[in-house]
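Numbers restart at 1 for each chain; the letters A, B, ... are given by sequence-line order, proteins then strands.
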2 protein chains.
Amino acid sequence: MVDDEPQIVRTLRINLSARGYSVLTAHDGTTALEVAAEGKPDVVVLDLGLPDVDGTAVITGLRGWTTVPIIVLSARVDSADKVQALDAGADDYVTKPFGMDELLARLRAAVRRSAVVEGEDAVVETASFTVDLAAKKVRRDGAEVHLTPTEWGLLEILARNRGRLVAQKQLLQDVWGPAYEKETHYLRVYLAQLRRKLEPEPAHPRHLVTEPGMGYRFEP
Amino acid sequence: MVDDEPQIVRTLRINLSARGYSVLTAHDGTTALEVAAEGKPDVVVLDLGLPDVDGTAVITGLRGWTTVPIIVLSARVDSADKVQALDAGADDYVTKPFGMDELLARLRAAVRRSAVVEGEDAVVETASFTVDLAAKKVRRDGAEVHLTPTEWGLLEILARNRGRLVAQKQLLQDVWGPAYEKETHYLRVYLAQLRRKLEPEPAHPRHLVTEPGMGYRFEP
DNA sequence: GCTGCGCGTCAAGGGAACGTCAGGAAGTTC
DNA sequence: GAACTTCCTGACGTTCCCTTGACGCGCAGC
């Protein structure tokens with residue numbers, strides 16, 4: 001929730017919290033980008049009139065690394081503003097003043113849409129183990145396998161991109177953060193641990209495959 | 001495009017056609033569902049005020065079998081209508097009268113969103129092998145072919161420019177870097193390797209074609 | 001015919017990337 | 001504060017890939 005007017009932030013926070021959303025707030029564009037990168041929100045509500053940077057710049061900044069739904073709030077009724085924001089990558093545009101129930105409906109629509117994308121096959125199965133993305137659990141031969149947070153983070157990204165090659169850089173950025181994109185040694189250590197826990201023959205991995213020089217691939 | 005007012009349908013048809021969209025129209029809810037089932041549109045623009053059935057019923061009917069983006073048009077400004085339509089499964093709600101450029105921007109936003117979901121099968125096929133650009137995978141006779149990073153880099157550029165001639169200089173710059181634009185020997189070595197892995201008769205390439213003195217061409 | 005040029009093919013060496021093991025630091029739990 | 005977990009780091013052996021050179025072929029120009 002990004003807005004520079006405290007009372008709007010407050011009203012929205014109350015309404016959204018009451019409905020079970022957990023809300024992160026920012027009052028300008030710079031902190032908005034930081035908070036978003038930190039908190040990985042499921043949906044962004046963004047006021048265009050921010051004190052520091054232009055609202056569309058925030059949209060562009062977000063779109064650089066995420067496809068999270070962005071709902072723009074704005075007092076400007078000029079359609080050129082709408083076009084600009086939508087083409088920058090916003091998903092929806094609501095003009096102030098707005099009804100709370102309308103905003104909530106648009107929020108539900110935005111979340112529902114992205115849930116379709118993510119919610120496909122929350123359970124990934126292989127010949128020797130299963131990964132339950134929603135429950136964050138891994139089973140092998142019926143028994144549950146315990147993974148550390150880092151191990152799970154790695155496995156989750158690979159499982160969500162099953163079949164596709166995931167670049168080392170992306171794995172490092174998503175699990176450890178942007179500053180660690182060169183620490184490929186971490187990947188080797190943790191991939192070895194995952195293989196030891198999950199693969200029938202850790203020395204000859206069938207599901208957690210290395211593509212030398214490029215990255216790793218999860219083969220179901 | 002579903003609307004019972006002929007002039008709106010006409011205006012939209014002209015505007016959309018001029019921008020390269022192909023437009024299917026219906027003037028009531030029943031035919032709308034038929035036309036949609038028949039024509040499998042990429043996005044639906046739906047007026048709520050239809051002569052036969054309620055607009056939300058059309059949304060529900062569509063949502064039974066498709067996740068196609070639905071943009072609702074309506075003269076009703078009452079926010080209860082918006083909430084109802086959005087919760088029924090609509091993706092966006094535009095109030096009449098609306099600016100054409102705004103609607104077009106919302107259309108682009110809707111199409112862009114769904115393109116992200118579908119766009120995961122960027123696959124280039126030839127008679128003897130297939131290249132999956134997104135997964136970075138190459139298959140030949142059903143079996144997966146392993147490529148090294150350099151081989152893949154080369155093939156990717158050629159596949160993305162399939163049918164077009166790609167200059168040696170461009171290949172060398174894109175794969176090896178600007179300093180290597182004279183190392184044409186690299187190209188010969190790696191093209192030979194790709195042909196050996198992918199072509200039925202490596203000595204007589206059909207898909208990875210040399211244009212002597214100029215460059216190479218990927219022929220699907 | 002001979003020579004130079006561009007292209008294709010093959011193989012080998014060196015270096016980069018990878019897998020593995022183990023130990024220590026930091027934080028958690030009881 | 002002891003036991004435990006988790007993460008990071010270093011060392012070493014192995015695997016894989018890029019580069020490079022040598023050679024053959026076809027073609028055009030001298």
Side-chain angles (χ1 to χ4, degrees), chain A residues 136 138 144-158 165-177 179-218, chain B residues 136 138 144-158 165-169 171-218:
Chain A
K136 293 194 192 300
V138 182
E144 190 172 322
V145 180
H146 175 74
L147 297 185
T148 72
T150 309
E151 288 166 1
W152 172 258
L154 211 48
L155 183 63
E156 181 176 12
I157 297 174
L158 290 169
L165 173 66
V166 185
Q168 313 182 357
K169 202 166 120 184
Q170 190 192 332
L171 289 170
L172 287 163
Q173 283 187 353
D174 288 359
V175 177
W176 281 272
Y180 293 79
E181 59 171 61
K182 297 280 161 67
E183 302 287 345
T184 59
H185 190 71
Y186 292 4
L187 287 180
R188 289 197 287 280
V189 172
Y190 278 93
L191 257 298
Q193 286 177 5
L194 281 174
R195 283 169 179 153
R196 189 148 36 81
K197 291 184 177 180
L198 302 178
E199 292 273 4
E201 295 175 89
H204 302 97
R206 284 206 288 262
H207 305 109
L208 298 167
V209 186
T210 305
E211 299 280 357
M214 299 198 282
Y216 294 86
R217 185 199 307 276
F218 186 108
Chain B
K136 291 200 196 310
V138 181
E144 200 169 315
V145 180
H146 177 76
L147 297 186
T148 71
T150 309
E151 288 165 2
W152 172 259
L154 211 48
L155 183 63
E156 183 174 12
I157 296 174
L158 290 169
L165 170 67
V166 185
Q168 303 185 347
K169 199 167 126 185
L171 289 170
L172 287 164
Q173 283 187 353
D174 288 358
V175 177
W176 280 272
Y180 293 77
E181 59 170 63
K182 296 282 158 72
E183 303 285 346
T184 58
H185 187 58
Y186 291 3
L187 287 180
R188 290 197 286 280
V189 172
Y190 278 93
L191 259 297
Q193 285 178 4
L194 280 175
R195 284 167 179 154
R196 185 151 39 81
K197 290 184 176 181
L198 301 178
E199 292 272 5
E201 295 175 89
H204 302 96
R206 285 207 287 262
H207 305 108
L208 298 166
V209 186
T210 305
E211 299 281 354
M214 310 185 63
Y216 295 86
R217 186 207 316 276
F218 185 106

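Distance, B/R196 CZ to C/dC7 C1': 16 Å, rounded to whole Å. Between A/E199 atom CD and C/dG19 atom P the separation is 12 Å, expressed in whole Å. A straight line from CG of A/L154 to P of D/dC7 spans 11 Å, rounded to a whole angstrom. The nearest whole Å value for the distance from the CG atom in B/L172 to the P atom in C/dC7 is 11 Å. For A/L194 and D/dT6, the CG to C1' distance is 14 Å, given to the nearest whole Å. Here C/dT9 presents its P atom at 11 Å from CG of B/L208, a figure rounded to the nearest Å. A/H204 places its NE2 atom 14 Å from the C1' atom of C/dT20, with the value rounded to the nearest Å. C/dT9 atom C1' lies 15 Å from atom NZ of B/K197, rounded to whole Å.
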Just the atom pairs and distances: protein N or O near nucleotides 14-22 of chain D's N or O, under 3.5 Å.
residue: D/dC17; atom: OP1; partner: B/H146; partner atom: NE2; Å: 2.9
residue: D/dC18; atom: OP1; partner: B/T150; partner atom: N; Å: 3.1
residue: D/dC18; atom: OP1; partner: B/T150; partner atom: OG1; Å: 2.7
residue: D/dC18; atom: OP2; partner: B/T148; partner atom: OG1; Å: 3.1
residue: D/dC18; atom: OP2; partner: B/Y190; partner atom: OH; Å: 3.1
residue: D/dC18; atom: O5'; partner: B/T150; partner atom: OG1; Å: 3.1
residue: D/dC18; atom: O5'; partner: B/Y190; partner atom: OH; Å: 3.2
residue: D/dT19; atom: OP2; partner: B/W176; partner atom: NE1; Å: 2.6
residue: D/dT20; atom: OP2; partner: B/Y186; partner atom: OH; Å: 2.5
residue: D/dG21; atom: O6; partner: B/H185; partner atom: NE2; Å: 3.1

All N/O contacts under 3.5 Å from nucleotides 25-30 of chain C to the protein, with atom names and distances to one decimal?
none

Only distances under 3.5 Å count here; give the side-chain donor-acceptor pairs of residues 184-191 of chain A to other protein atoms, sequence neighbours excluded, each with its distance to 0.1 Å.
residue: A/H185; atom: ND1; partner: A/R188; partner atom: NH2; Å: 3.4

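Across all strands, B/E211 comes closer than 4.0 Å to no nucleic acid atom at all (heavy-atom distances).
Contact check, A/T210 against C/dA17: no side-chain N or O comes under 4.0 Å of OP1 or OP2.
Each of C/dA17, C/dG19, C/dG8 was ranked by its minimum atom distance to the side chain of B/R188; first place goes to C/dG8.
With hydrogens and angles ignored, the 3.5 Å screen pairs no side-chain donor or acceptor of B/R195 with any backbone N or O of B/R206. Judged purely by atom type and a 3.5 angstrom limit, A/K197 has no side-chain atom pairing as donor or acceptor with the backbone of A/V145.
A salt bridge is defined here as a Lys NZ or Arg NE, NH1 or NH2 lying under 4.0 Å from an Asp or Glu carboxylate O, and B/K136 with A/E211 fails to meet this definition.
Two residues are said to be in side-chain contact when any heavy atoms from C-beta on lie closer than 4.5 Å; A/H207 and A/L198 fail this criterion.
With sequence neighbours left out, A/W176 forms a side-chain hydrogen bond (donor to acceptor under 3.5 Å, both in side chains) with no residue at all. Among residues two or more places apart in sequence or in another chain, the side-chain hydrogen bond (donor to acceptor under 3.5 Å, both in side chains) test is passed with B/E181 by B/Q173. For A/E144, the salt bridge (charged side-chain N to carboxylate O under 4.0 Å, His left out) test picks out no residue, with sequence neighbours left out.
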